[in-house]
Amino acid sequence: LSPQTSIQAEYRYRKTEIGDLQQKFFQDDFFPGLRLTQERHTFRVGGRHSFTPTSIVLGSFSYQDGDFRTDLDDFPNQGSFTRLKIPQEAFGHLFRSRYVNVRSGAGYFDIDGEVEATSRFNLPPPPFGPGPIDDRTITKTDFYHLNLYAYADFHLLRNLIATLGLSFDLL
């Protein structure tokens with residue numbers, strides 16, 4: 001926008017499909033029907049502003065929406081599915097002078113998602129048994145991380161710098 005202010009925006013899409021690989025040492029220790037699928041949409045916006053040549057503020061916001069799936073073709077209707085939504089925010093400040101440089105900032109992310117696991121048990125049909133039974137469980141995953149930090153570099157001599165740092169994390 002100007003020599004003092006800049007912004008950036010980014011969108012990423014990633015889709016990955018992989019399976020289990022057979023290793024040469026344990027040739028039977030793999031599942032040829034295992035399929036892992038990941039699909040992610042990531043959005044990021046950031047900015048930088050220089051108030052003075054020695055004082056710079058940085059900011060970033062990102063959001064990720066991801067679907068992660070595990071399927072076993074050898075065992076139909078068994079697998080798990082994970083959905084995650086992850087907003088992240090980070091802000092920082094840089095101060096520079098001849099004798100001291102200070103980096104300080106804060107970051108926060110909140111992961112909100114769920115893990116869905118489905119299994120099918122193929123039991124004998126009636127009258128000898130109940131028939132196929134589907135077991136489906138959903139587990140919520142919700143946690144956050146807050147981080148505050150400050151680091152100062154003191155230029156004591158020409159080739160000697162002392163660093164003092166402080167960081168706080170809340171999970």
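Side-chain atoms are counted along with the backbone in the values below, which use heavy atoms only and exclude waters and symmetry mates.
Here the closest non-hydrogen pair linking Leu164 and Phe154 is CB-CE1, 4.0 Å. Listed here is the closest heavy atom pair of Pro126 and Gly131: CD-N, 4.2 Å. Between Tyr151 and Ser167, the closest heavy-atom pair is OH-CB, 4.1 Å. Tyr149 and Phe91 make their closest contact through OH-O, 4.4 Å (heavy atoms, listed as atom of the first residue, atom of the second, distance).
Taking 4.5 Å as the limit, some side-chain heavy atom of Arg103 sits within range of a side-chain heavy atom of Asp153. Contact of the His155 side chain with the Asn101 side chain is registered, since non-hydrogen atoms from C-beta on lie closer than 4.5 Å. Between Arg14 and Thr42, every side-chain heavy-atom pair lies at or beyond the 4.5 Å cut-off. Between Gln4 and Phe51 the shortest side-chain heavy-atom distance does not fall below 4.5 Å. Residues Ser62 and Phe109 are not in side-chain contact: their nearest non-hydrogen atoms beyond the backbone lie 4.5 Å or more apart. Side chains of Arg44 and Gln8 form a contact here, defined as non-hydrogen atoms less than 4.5 Å apart.
With values rounded to the nearest 0.5 angstrom, Phe143 atom CZ is found 9.0 Å from Asp110 atom CG. To the nearest 0.5 Å, the span separating OH on Tyr144 from CD1 on Ile111 amounts to 13.0 Å. Note that the CG atom of Leu1 and the CD1 atom of Ile7 stand 4.5 Å from one another [nearest 0.5 Å]. Remark: Leu36 CG to Gln38 CD distance equals 7.5 Å, nearest 0.5 Å. Rounded to the nearest 0.5 angstrom, Thr16 OG1 and Glu39 CD are separated by 9.5 Å. A distance of 4.5 Å separates OG1 of Thr37 from CD of Glu17, quoted to the nearest 0.5 Å.
At a threshold of 4.5 Å between side-chain heavy atoms, the hydrophobic network of Ile, Leu, Val, Met, Phe, Trp and Tyr places Tyr108 and Leu166 in two separate groups. Under the 4.5 Å side-chain heavy-atom criterion for Ile, Leu, Val, Met, Phe, Trp and Tyr, Leu157 and Tyr99 are members of distinct hydrophobic clusters. Hydrophobic clustering (ILVMFWY, side-chain heavy atoms < 4.5 Å, transitive): Leu171 and Leu148 are in distinct clusters. Hydrophobic cluster membership is shared by Leu160 and Val100, with clusters built from Ile, Leu, Val, Met, Phe, Trp and Tyr side chains linked at under 4.5 angstrom. With hydrophobic clusters built from ILVMFWY side chains whose heavy atoms lie under 4.5 angstrom apart, Phe61 shares a cluster with Phe43.
Taking Pro3 as the reference, nothing meets the side chain to side chain contact (heavy atoms under 4.5 Å, CB included) condition, with sequence neighbours excluded.
Side chains of His41 and Tyr11: a donor-acceptor N/O pair is present below 3.5 angstrom, by distance only.
Remark: Phe128 CZ is loosely packed, at most 12 non-hydrogen atoms of other residues, nucleotides or ligands lying under 6.0 Å away.
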